[in-house]
Amino acid sequence: MAASDSEIVVEDVDAPARDSPPVASNRAVNVAVSLLLIALAALMGFDNWRTGISWAPEGPEAGYFPFYLSVILAGASLYGLIAAFVKRSQDSGTFVTRDQMRRVMQVFVPTLLFCFFTQWLGLYLASFLLIAGFMVFIGHIAWWKSLLTAFLFSMLMFITFEIAFDVIMPKGPLEAALGF
């Protein structure tokens, strides 16, 4: 059987164009992440040093093990930073293109807004809006199917958490109006 007979190929009409301009190179992202991790390791190391990194008569102080983990993190990040600069004559390739970044932001921004809206609208209404929005605007699914699915999922979550398991979840004005 030929390879084309055994594979299912689905064309994505919203797929990023192959000629999309790059936003960041692999090297730039490696350097940025290494610098951020070195800064995090320095912060962790200082805080754990302040807490105590020595060996007390009853055993290690609270910052002993986390301090040495921060040293290992700093060392590994420094290795990555040096490796990025040593290989700077080589082409590092594209980390993300403009079209790929647009697709990532289509998911990231609504998810970030969901986190903020959960504080004011409650978990269930915010989940309803997120699911319906993703289905309509990204999935291009009919609005009535999207609203029905989002409603059923939100109701299932409500029944599971609020009624069956009695778990306290963030509530908004809708739940307050319904007496929950």
Side-chain angles (χ1 to χ4, degrees), residues 3-4 6-121 123 126-127 129-141 153 157 161 167 169-170:
S4 61
S6 64
E7 295 179 13
I8 297 175
V9 178
V10 178
E11 291 296 321
D12 184 2
V13 295
D14 293 329
R18 295 192 190 281
D19 60 346
S20 179
V23 173
S25 68
N26 285 327
R27 182 177 305 106
V29 172
N30 285 342
V31 168
V33 168
S34 292
L35 289 173
L36 284 171
L37 288 175
I38 288 171
L40 175 67
L43 177 66
M44 285 177 24
F46 173 73
D47 189 49
N48 288 304
W49 172 77
R50 213 173 35 85
T51 304
I53 61 169
S54 62
W55 198 271
E58 55 277 338
E61 291 182 332
Y64 182 82
F65 291 113
F67 175 79
Y68 288 105
L69 287 176
S70 66
V71 170
I72 292 170
L73 177 62
S77 300
L78 190 60
Y79 174 81
L81 190 62
I82 291 169
F85 283 114
V86 167
K87 295 178 186 177
R88 77 176 145 199
S89 63
Q90 299 172 1
D91 182 32
S92 67
T94 300
F95 180 74
V96 66
T97 65
R98 184 177 296 152
D99 287 343
Q100 290 170 335
M101 184 64 109
R102 179 185 55 81
R103 291 183 75 162
V104 168
M105 289 296 119
Q106 282 179 330
V107 174
F108 177 73
V109 171
T111 305
L112 182 65
L113 291 174
F114 166 76
C115 294
F116 291 124
F117 285 136
T118 298
Q119 301 302 315
W120 295 285
L121 299 177
L123 178 67
S127 296
L129 294 173
L130 180 73
I131 294 166
F134 272 145
M135 290 179 73
V136 170
F137 296 113
I138 295 176
H140 305 290
I141 297 171
F153 179 77
M157 276 189 3
F161 292 123
V167 176
M169 299 300 251

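Positions are given from 1 along the sequence. The structure presented is a predicted model; accordingly, all values stated were derived computationally and were not measured.
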Checklist outcome for this item: Between Gly63 and Asn48, the two heavy atoms sitting closest are O-CB, 3.6 Å
Checklist outcome for this item: Scanning both residues in full, the closest heavy-atom pair of Gly45 with Phe67 reads O-CD1, 3.5 Å
Nearest 0.5 angstrom please: [X] [atom1] to [Y] [atom2], how far?
X     : Y     : atom1 : atom2 : answer
Ile53 : Ser70 : CD1   : OG    : 8.5 Å
Phe85 : Ser34 : CZ    : OG    : 9.0 Å
Leu35 : Leu40 : CG    : CG    : 12.5 Å
Trp49 : Thr51 : CH2   : OG1   : 10.5 Å

When you measure from the side chain of [X] to the backbone N and O of [Y], does any donor-acceptor pair fall under 3.5 Å?
X     : Y     : result
Ser20 : Arg98 : yes
Thr97 : Pro22 : no
Asn26 : Ser92 : yes
Arg27 : Lys87 : yes

Next on the checklist: Atom CZ of residue position Phe153 - does it have more than 12 heavy atoms of other residues, nucleotides or ligands inside 6.0 Å?
Outcome noted: no
I'd like to check [X] versus [Y] (side-chain heavy atoms, cut-off strictly below 4.5 Å). Are they in contact?
X      : Y      : answer
Phe134 : Thr111 : yes
Val96  : Val104 : no
Ser25  : Phe95  : no
Leu78  : Ile38  : yes
Pro66  : Met44  : no

Checklist entry - Which pairs, with at least one residue in residues 45-71 and sequence neighbours excluded, count as a salt bridge (charged side-chain N to carboxylate O under 4.0 Å, His left out)? => result Asp47-Arg50
Checklist entry - Of all residues at least two apart in sequence or in a different chain, which pass the ring pair (Phe, Tyr, Trp, His ring centres under 6.0 Å) check with Tyr68? => result Tyr64
Next on the checklist: Using the side chain to side chain contact (heavy atoms under 4.5 Å, CB included) definition, which of the options Leu123, Leu129, Val109, Leu121 pairs with Phe114?
Outcome noted: Leu123
Next on the checklist: Assess the residue pair Arg103 and Asp99 against the criterion (side chain to side chain contact (heavy atoms under 4.5 Å, CB included)); give the C-alpha distance rounded to whole Å, side-chain angles, the decisive distance to 0.1 Å, and a yes or no.
Outcome noted: CA-CA 6 Å; Arg103 291 183 75 162; Asp99 287 343; 5.9 Å; no
Checklist entry - Which is it for Val86 and Arg88 under the side chain to side chain contact (heavy atoms under 4.5 Å, CB included) test, yes or no, and what are the steps along the way? => result CA-CA 6 Å; Val86 167; Arg88 77 176 145 199; over 6 Å; no
